[in-house]
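Working notes for the structure below.
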Protein chains: 2
Amino acid sequence: MGATNTENFTDKQNAIAILAKALGHPARVAIIDYLLKTDTCICGDIVNELPLAQPTVSQHLKELKNAGIIKGSIEGNAICYCIDEKALEKLQAYFVGISSKLNAKKSNCC
Amino acid sequence: MGATNTENFTDKQNAIAILAKALGHPARVAIIDYLLKTDTCICGDIVNELPLAQPTVSQHLKELKNAGIIKGSIEGNAICYCIDEKALEKLQAYFVGISSKLNAKKSNCC
DNA sequence: TTATTATATTGCAATATTACGATAAAGATA
DNA sequence: TATCTTTATCGTAATATTGCAATATAATAA
């Protein structure tokens, strides 16, 4: 064991979990923060922004990319990393949906 | 190594990461789904809903509780687990904020 | 061609997560 | 009291994650 039992959950549950997991590390949240802050997105300097070694940053970028949260396109020597809006819209929709469901019940709860 | 380097990130980044990480497993997403679906929240039957053994479910509930996403109150023999609205509102606000920032830039990006 | 620069990959050690059987703890019921 | 029900904890095995030094790769610059 140690591997997540994905088979027995719905596609939607797995999809949300993959996105959430990708944001489940402060370095990856910091990367998103940085991508939002900068106007251009030639992002070679993410490494300089983060308190982590270059290979570690590269690994975090890879995880964000695998989850579909960012995408990278080669820009000559460097790589231009950008937020993939679709993924974040999916997350936004998910949490907005939850909030409205919670407002609908309005605490008949603990 | 193996431990996350939390010290060098902002409180906000760590806070979001903790919440996101807690939702980074399909079982925990499924638990939230179930808590939203049921009107009452006497939730002893979460175990029956999930394709996991009881100790595993208990562990996932504990992680959601530690992250502040759910709270549990003793209800006689059983325990009433409920969503903690504050945590989910924080997540919702975070993603709504991101989406509006993304709309403001409107793809001068890859 | 030979640097130089930017990013990725490999290999590895430390730690965390996932999952479950066995068992404990605590209230409810007979 | 004895038993049942519900949930938590312990112990443990399998796997994943985190982080970095060393190295590889690939484009650019000299």
Side-chain angles (χ1 to χ4, degrees), chain A residues 1-9 13-14 17-18 20-31 34-35 40-67 70-82 110, chain B residues 1-9 13-14 17-31 34-35 40-67 69-82 110:
Chain A
M1 299 96 204
T4 294
N5 171 11
T6 46
E7 296 164 30
N8 299 299
F9 297 97
Q13 285 162 349
N14 281 310
I18 285 171
K21 187 177 187 180
L23 292 173
H25 190 290
R28 297 195 287 267
V29 175
I31 289 171
Y34 184 73
L35 288 176
T40 81
C41 55
I42 312 291
C43 305
D45 31 23
I46 295 176
V47 172
N48 299 321
E49 285 284 314
L50 296 190
L52 293 168
Q54 179 268 326
T56 308
V57 172
S58 182
Q59 197 173 291
H60 284 303
L61 287 166
K62 191 179 178 184
E63 269 163 72
L64 284 170
K65 204 161 103 185
N66 286 341
I70 64 174
K71 47 190 172 179
S73 66
I74 295 169
E75 198 78 26
N77 199 8
I79 288 185
C80 167
Y81 273 116
C82 300
C110 9
Chain B
M1 298 93 205
T4 294
N5 170 11
T6 46
E7 296 164 29
N8 298 300
F9 297 98
Q13 285 163 349
N14 281 310
I18 285 170
L19 292 174
K21 187 176 186 178
L23 292 173
H25 191 290
R28 297 196 286 268
V29 175
I31 289 171
Y34 185 72
L35 288 177
T40 79
C41 54
I42 312 290
C43 304
D45 32 21
I46 294 177
V47 172
N48 298 321
E49 285 284 314
L50 295 191
L52 293 168
Q54 179 268 324
T56 309
V57 173
S58 182
Q59 198 172 290
H60 284 303
L61 287 166
K62 191 179 178 184
E63 268 163 73
L64 285 170
K65 205 160 102 186
N66 286 342
I69 291 184
I70 64 175
K71 47 191 173 179
S73 66
I74 296 168
E75 198 79 23
N77 200 9
I79 288 187
C80 167
Y81 273 117
C82 299
C110 9

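Note on naming: letters A, B, ... go to the chains in the order of the sequence lines (proteins, then strands), and numbering restarts at 1 for each one.
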| message | D/dA16, OP1 or OP2 - any side-chain N/O from A/Lys21 closer than 4.0 Å? | response | no
| message | For a quick test of reading the model, state the closest non-hydrogen atom pair linking A/Glu63 to A/Ala22 and the distance between them. | response | O-CB, 4.4 Å
| message | Less than 4.0 angstrom between a side-chain N/O of A/Tyr81 and OP1 or OP2 of C/dA8, yes or no? | response | yes
| Which salt bridge (Lys or Arg N to Asp or Glu O under 4.0 Å) pairs, counting each pair once, include a residue from residues 52-62 of chain A, with sequence neighbours left out? | none
| Among residues 56-66 of chain B, which contact DNA chain D at a heavy-atom distance under 4.0 Å? | B/Ser58, B/Lys62
| said: What I'd like to find out is whether the side chain of A/Tyr81 reaches to under 4.5 Å of the side chain of A/Leu61, using heavy atoms alone. | reply: yes
| request: Could you grab the distance from atom CG of A/Asn14 to atom OG1 of A/Thr6, nearest 0.5 Å is fine? | output: 5.5 Å
| message | So if I define the base as every atom that isn't primed, P, OP1 or OP2, how would nucleotides 22-30 of chain C read as a B/S/- string at a heavy-atom cutoff under 4.0 Å? | response | B----BS--
| If every non-hydrogen atom of A/Asn8 is compared with every non-hydrogen atom of B/Pro51, which pair is closest and at what distance? | CB-CG, 3.2 Å
| task | Just compare C/dA19, C/dA8, D/dT18 and give me whichever is closest to any side-chain atom of A/Asn5. | result | C/dA19
| said: Check the orientation of B/His25 and B/His60. Use parallel for under 30°, tilted for 30 to 60°, and perpendicular for over 60°. | reply: tilted
| task | Show your working on side chain to side chain contact (heavy atoms under 4.5 Å, CB included) between A/Tyr34 and A/Asp45 and close with a plain yes or no. | result | CA-CA 10 Å; A/Tyr34 184 73; A/Asp45 31 23; 3.2 Å; yes
